[in-house]
Amino acid sequence: MPPMETIKTATFEALMELAVADGDGYVFTLDGETFRIKDTLEITGIATRKGYIIIY
């Protein structure tokens, strides 16, 4: 039997809650990796690259 594939999903709102304003942009942490971003619109690209399906 092949191993089960994990499907990661998240709502955009839940991902937005992970972004913390730091005065110069945001600090966004996902799956233990921290990103410094200028705009919250970058969150979609980061989550997609990490294999998430984003629910809007």
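These figures come from a predicted structure and were not determined experimentally.
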A.B. asks: What pairs of residues pass the salt bridge (charged side-chain N to carboxylate O under 4.0 Å, His left out) test when at least one of them lies in residues 40-56, not counting sequence neighbours?
C.D. replies: Glu33-Lys50

A.B. asks: Run through the side-chain heavy atoms of Ile, Leu, Val, Met, Phe, Trp and Tyr, join any pair under 4.5 Å, and report what else lands in Phe12's cluster.
C.D. replies: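 Direct or chained contacts put Phe12 with Leu15, Met16, Leu18, Tyr26, Phe28, Leu30, Phe35, Ile37, Ile43, Ile46, Tyr52, Ile54, Tyr56.
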
A.B. asks: Using the side chain to side chain contact (heavy atoms under 4.5 Å, CB included) criterion, which residues pair with Leu41? Sequence neighbours excluded.
C.D. replies: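 Checked Leu41 against side chain to side chain contact (heavy atoms under 4.5 Å, CB included); matches are Asp39.
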
A.B. asks: Please, which pairs that meet salt bridge (charged side-chain N to carboxylate O under 4.0 Å, His left out) have at least one residue in residues 21-32, sequence neighbours excluded?
C.D. replies: Lys8-Asp31, Asp22-Arg36, Asp24-Lys38

A.B. asks: So which residues get pulled into Ile7's cluster when ILVMFWY side chains under 4.5 Å apart are joined, directly or through others?
C.D. replies: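 For the cluster that includes Ile7, the remaining residues are Ile53.
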
A.B. asks: Taking side chain to side chain donor-acceptor pair (under 3.5 Å) as the cut-off, I'd like each qualifying pair that reaches into residues 11-21, sequence neighbours left out, listed once.
C.D. replies: none

